[in-house]
Amino acid sequence: MVDKSELRRVPVFSDLPDDQLDWFISQSQEMSLKAGDTYSRQGDPADAMFVILEGQLQGRGELAGDTVSFIINAGNVSGVLPFSRMKQFTVSLRAETDSRALRFPTSLFPDLIQKMPELTKRLVGLMSDRIREVTRLEQQRDRLASLGKLSAGLAHELNNPASAAKRAASQLRTIIKKIRDASVELGKRDLTPAQKSEIEKLEASFTQPDVVPPDPLTMSDLEDQIDSLLRSHGQNDLWMLAAGLARRNIKPEVVESLFANLEGDTARAALVRIAASVEVASLLHEIESSTSRISDLVGAIKEYTHMDQAPVQKLDVVKSLETTLTILNHKLKKGVVVKRDYERAPLLVNSFGSELNQVWTNIIDNAIDAMHGQGEIRVRTYRDDSCAVVEIGDNGPGIPSEVEPHIFEPFFTTKGVGEGTGLGLDTVQRIVKKHRGNIQVSTEPGDTRFQVWLPLAEVSA
């Protein structure tokens with residue numbers, strides 16, 4: 001028989017009146033289990049609350065989408081708690097050591113609430129703690145899933161320009177050798193100062209960084225014309241130079257002038273060096289473009305995460321949106337057109353770190369998924385009295401009528417495990433409310449719009 005002193009060692013029972021403890025013990029079933037015995041199994045009907053008097057239990061099962069294992073020591077309460085809507089046990093409980101517990105049936109919860117109101121209040125507090133812990137685990141899992149998906153996309157985005165820069169740098173070694181060999185060959189020639197100046201002038205004009213390449217049809221025509229011209233001068237093995245010269249929009253008459261003013265072998269050496277210099281200019285442009293892309297992405301990541309910045313700061317919503325679009329470019333570029341309609345005047349709001357970027361990420365990512373990666377996203381900002389309004393719309397199929405009332409509910413999702421960013425719209429709504437804002441949605445087939453109102457930040461005089 002369980003003694004009241006044993007029950008008082010459990011914190012939620014410690015100072016309750018004797019008559020209440022007597023009633024609780026009389027309505028409970030004492031359980032004695034050996035190490036390895038099972039208290040309850042995952043999936044069984046949730047029909048009891050357990051008060052652990054002695055020993056240690058191990059809980060194991062699905063929690064927030066993950067398999068978890070945890071220890072419950074003597075002095076704790078487990079199982080179903082008053083006002084819980086649990087229908088089946090979500091974990092299995094097994095005795096780690098020889099254990100004793102009281103099993104209180106859920107059918108007597110109405111009597112418990114009436115006879116032991118203080119205990120009921122404490123048990124509700126325990127249930128709230130459980131919910132907070134499950135919510136914390138859910139949000140932690142979701143953020144890790146989000147980080148993993150965004151990181152994979154960013155790794156791909158960073159790898160492309162990095163590989164291009166590496167490839168261009170490798171090709172430079174071969175081209176520089178060509179320039180050196182051609183320069184040695186030219187050095188053997190008895191060139192007049194005017195001829196040297198003409199070669200250098202042509203070389204400088206062909207390697208300007210702002211040369212606009214011709215359209216593909218014009219480029220193909222130029223390549224054929226330059227190739228024919230070189231063959232007419234007996235340079236049949238220089239056909240590979242024609243494509244590079246055509247890309248730089250070099251006209252055949254310019255090449256002809258070299259052969260008109262220089263002896264054949266000298267013109268050949270000059271043309272090889274000029275063509276190599278043109279290729280160097282192209283490769284340098286590719287390296288500059290690639291490293292600029294890397295720099296832009298790193299800057300976007302810093303902006304997105306608000307690294308090295310104060311937790312609360314004035315944020316330009318347009319800049320924040322553009323940063324998010326950069327981060328999501330790996331998904332957008334596969335078939336989504338983004339149309340922008342931004343307020344010309346800056347719209348500044350007070351933001352807690354990168355939280356608003358999480359809002360834009362979730363809404364835009366949901367839109368991309370709803371359109372299966374093919375469609376149009378419209379991003380609009382404007383001022384409405386003392387608020388900045390951000391509107392993000394898409395031309396997807398719309399939100400089903402049976403789903404729309406639930407989209408802001410905690411843990412509600414229409415996606416499978418591992419899909420999407422893992423940041424639910426309940427998280428979006430919580431972040432917006434934290435910023436003293438409001439979020440609304442309107443939807444119909446071909447036109448779904450999320451509108452976020454945020455108070456404008458006060459501008460210092």
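Residues: numbered from 1 along the sequence shown.
- How far CD of E343 is from CZ of R380: 9.5 Å, rounded to the nearest 0.5 Å.
- Taking CG of L245 as the reference point, atom CD of E279 lies at 9.5 Å (rounded to 0.5 Å).
- Considering only heavy atoms from C-beta on, R231 comes within 4.5 Å of D227 through its side chain.
- Here the closest heavy-atom approach between residue I287 and residue A165 is recorded as CG1-O, 4.0 Å.
- For the atom pair R189 CZ and Q195 CD, the distance stands at 11.5 Å (nearest 0.5 Å).
- For the pair N395 (side chain) and E376 (backbone), a donor-acceptor distance under 3.5 Å is present.
- For the pair H435 (side chain) and F352 (backbone), a donor-acceptor distance under 3.5 Å is present.
- Heavy atoms from other residues, nucleotides or ligands lying under 6.0 Å from CZ of R41 number 12 at most.
- Side-chain atoms of L347 and V318, non-hydrogen and from C-beta on, never get closer than 4.5 Å to each other.
- At distances below 3.5 Å, not a single donor-acceptor pair connects side-chain atoms of S289 with backbone N or O atoms of H285.
- Contact check for V452 versus V317: no side-chain heavy atoms found under the 4.5 Å cut-off.
- For G75 against P11, the heavy-atom pair with the smallest separation is O-CD, 3.1 Å.
- R85 contributes no side-chain N or O that, together with a main-chain N or O of K87, makes up a donor-acceptor pair within less than 3.5 Å.
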* To do: Test D394 against I368 for side chain to side chain contact (heavy atoms under 4.5 Å, CB included), laying out the working first.
  => CA-CA 8 Å; D394 67 74; I368 297 170; over 6 Å; no
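- One finds a salt bridge joining K177 and D181 here, because a Lys/Arg side-chain nitrogen approaches an Asp/Glu carboxylate oxygen to under 4.0 Å.
- Classification of E203 and K201 as a salt-bridged pair fails, no side-chain N sitting under 4.0 Å from a carboxylate O.
- Distance check, rounded to the nearest 0.5 Å: CD of E322 to NZ of K319 gives 11.5 Å.
- Rounding to the nearest 0.5 Å gives a distance of 11.5 Å between OG1 of T427 and CZ of F408.
- Put simply, the side chain of N261 gets close to the backbone of S257: a donor and an acceptor are under 3.5 Å apart.
- Remark: side-chain polar atoms of D215 are paired, donor with acceptor, to backbone N or O of T218 under 3.5 angstrom.
- Using bins of under 30°, 30° to 60° and over 60° for the plane-to-plane angle, the ring pair F50/F89 lands in the tilted bin.
- Here the straight-line distance linking atom CG of L123 with atom OG of S84 works out to 11.5 Å at 0.5 Å rounding.
- Counting heavy atoms from C-beta outward, Q235 and L241 have side chains that stay 4.5 Å or more apart.
- Distance alone, capped at 3.5 Å, is enough to place a donor-acceptor pair between the S163 side chain and the N159 backbone.
- Under the 3.5 Å distance criterion, the side-chain polar atoms of S277 are matched with a main-chain donor or acceptor of R273.
- Proximity of K314 to N350: side-chain heavy atoms (C-beta onward) are separated by under 4.5 Å at one or more points.
- Using a distance-only test at 3.5 Å, with no hydrogens or angles considered, a donor-acceptor pair links the side chain of S228 to the main chain of D224.
- Within 6.0 Å of the CZ atom in R436, the count of heavy atoms belonging to other residues, nucleotides or ligands does not exceed 12.
- Looking at E263, its side chain does come within 3.5 Å of a backbone N or O of T266 through a donor-acceptor pair.
- Atom NZ of K333 is surrounded by more than 12 heavy atoms from other residues, nucleotides or ligands within 6.0 Å.
- A salt bridge is absent between R378 and D341; no separation between the charged side-chain nitrogens and carboxylate oxygens falls under 4.0 Å.
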